[in-house]
Amino acid sequence: MLSRKGLIPDDYLLTRLAEDVQQPKFKTKLRKARFVAKNGRCNVAHTNIREQGRFLQDVFTTLVDLKWVHTLIIFTMSFLCSWLLFAMVWWLIAFSHGDLEQKGDDFVPCVTDIHSFSSAFLFSIEVQVTIGFGGRMVTEECVSAIAVLIIQNIVGLLINAIMLGCIFMKTAQANRRAETIIFSKHAVISIRNNKLCFMIRIGDLRKSMIISATVRMQVVRRTTTHEGEVVPLDQIDIQMDNPVGTNGIFLVSPLIICHVIDKDSPLYGFSAGDLQNEDIEVIVVLEGVVETTGITTQARTSYLSEEILWGQRFASTVSEEDGMYAVDYSKFGHTFKVPTPYCSAKKLSEEGGMARFKLHDGSIARGTVKRRAPRIKQQDTIR
């Protein structure tokens, strides 16, 4: 994995997260458990599962999902058990044919040089891993020995294919690629193109691209239906204004993902004060295909209400230097304040939209100028 040391200072780096240490720290309030952690792990525990046998119907996926320690133990035990099982079979064949007893030179055994269970075990290892030291071999005397030789070779190939494939899939898991996809620690709400917008920033630290990358957002909150049914984790989709105007994003440099807070948005009725008092969680999911491996990867994070900064905007991270564009990841999580109405998007729309807000803001500014009239007249005279 490409090391991120040197790309982002340690002060700004968390697991799949870039942050600005100068951001104000919000006092955490008592709230329900987080649905998705900042590093993308889902905070869900599956309990009282009675049909455990369903996991055995998909053994390969179960092995891939296991921890590395358990996978290596199963990998080792599968070979040891198969060697011991077939060693017992070879010993029984030698015992039934009388190979364990010392006989004359005219006697032809089923397997040469098998005199005990230890020699049968060594022969089982030689057959399955095709070592072939040359001291022991199967003769044409016993048909059963030839059949066991064929069966053990097939079983050995199956174990090799399953276990090596499992280890390869664990080392090439898609979540490893997601470690170099970073999200801003805070989300912001401010005016963009005369509309109140919810924005986050996403970046990719690797030069190899994420092909067909798409971003989805959801608001998770506790809701109650008209019939009185309580939905503890109601997932509401959020429509996004894609920065490149297509269904996918071109994640070569950090991008600001924008959601316009309109009448169809679940954030439409929230003001700056309401948002801090609401118990909501915005989940962001990025999906795409890894360019080098062709495996689909997914990166996730979430933003609580206290992690959404109202009236702020992300600082620019891209600059042009020596004929190419340079990205300064130390500014990845930097934000600065901008004039933003503190009312909800619903109230802003009802009162005339941004034109009314700008007119009100401009009248205040002009009033301030009138109180400083002598200084302004002097400047006009100089002009």
Side-chain angles (χ1 to χ4, degrees), residues 1 46 48-177 289-290 292-297:
M1 181 183 295
H46 300 278
N48 299 327
I49 300 177
R50 298 180 180 180
E51 299 181 4
Q52 298 287 346
R54 290 181 176 269
F55 294 99
L56 298 178
Q57 296 178 5
D58 187 9
V59 180
F60 186 78
T61 305
T62 303
L63 291 175
V64 173
D65 290 339
L66 290 176
K67 294 181 179 179
W68 268 108
V69 176
H70 299 157
T71 302
L72 293 177
I73 291 175
I74 294 174
F75 180 82
T76 305
M77 293 303 298
S78 62
F79 281 104
L80 288 177
C81 291
S82 64
W83 293 340
L84 288 171
L85 175 63
F86 282 100
M88 180 64 69
V89 174
W90 289 118
W91 184 84
L92 290 175
I93 291 175
F95 177 78
S96 62
H97 192 258
D99 298 350
L100 302 180
E101 301 175 2
Q102 297 292 333
K103 295 186 178 181
D105 297 336
D106 295 336
F107 178 75
V108 180
C110 294
V111 181
T112 60
D113 291 339
I114 288 186
H115 309 294
S116 63
F117 182 79
S118 298
S119 58
F121 180 72
L122 291 175
F123 180 71
S124 176
I125 296 176
E126 293 176 16
V127 170
Q128 189 161 327
V129 299
T130 64
I131 295 176
F133 291 119
R136 302 175 183 89
M137 64 179 181
V138 178
T139 64
E140 66 275 8
E141 181 70 16
C142 302
V143 178
S144 59
I146 298 174
V148 173
L149 177 66
I150 295 172
I151 293 173
Q152 185 172 5
N153 276 295
I154 295 174
V155 171
L157 290 174
L158 290 175
I159 294 176
N160 286 336
I162 294 174
M163 298 311 301
L164 293 178
C166 175
I167 291 179
F168 172 76
M169 290 301 298
K170 286 186 70 67
T171 55
Q173 277 185 336
N175 56 3
R176 306 299 180 191
R177 178 62 177 87
V289 179
V290 181
T292 53
T293 62
I295 300 176
T296 302
T297 186

Could you tell me the separation between the CG atom of Asp113 and the CG atom of Leu122, rounded to the nearest 0.5 Å?
-> 11.5 Å
Under 30°, 30 to 60°, or over 60°: which ring-plane class applies to Phe79 and Trp83, parallel, tilted or perpendicular?
-> tilted
In terms of heavy-atom contacts, Val64 and Lys170 come closest through O-NZ, 3.0 Å
Identify the heavy atoms of His97 and Val108 that sit nearest to each other, and give their distance.
-> CE1-O, 3.3 Å
N/O donor to acceptor pairs below 3.5 angstrom from side-chain atoms of residues 149-169, sequence neighbours left out:
| from | atom 1 | to | atom 2 | distance (Å) |
| --- | --- | --- | --- | --- |
| Gln152 | OE1 | Trp90 | NE1 | 2.9 |
| Gln152 | NE2 | Ser124 | O | 2.9 |
| Gln152 | NE2 | Ser124 | OG | 2.9 |
| Gln152 | NE2 | Gln128 | OE1 | 3.4 |
| Asn153 | ND2 | Leu149 | O | 2.8 |
| Asn160 | ND2 | Gly156 | O | 3.2 |

So which heavy atom on Ile114 is nearest to which on Arg136, and how close?
-> CG1-CD, 4.4 Å
Just wondering, do Val111 and Ile93 contact through their side chains at under 4.5 Å, heavy atoms?
-> no
Nearest-0.5 Å distance that lies between atom CH2 in Trp91 and atom CG in Leu84 = 14.0 Å
Kindly write out the residues that satisfy ring pair (Phe, Tyr, Trp, His ring centres under 6.0 Å) with Phe117, not counting sequence neighbours, or none if the list is empty.
-> none
Under the side-chain contact (heavy atoms from CB on, under 4.5 Å) test, residues paired with Ser116 that sit two or more places apart = Ser118, Ser119
Among residues two or more places apart or on two chains, list those pairs meeting side chain to side chain donor-acceptor pair (under 3.5 Å) that have a residue in residues 139-148.
-> none
side-chain contact (heavy atoms from CB on, under 4.5 Å) involving Asp65 - partner list, sequence neighbours excluded | Thr61
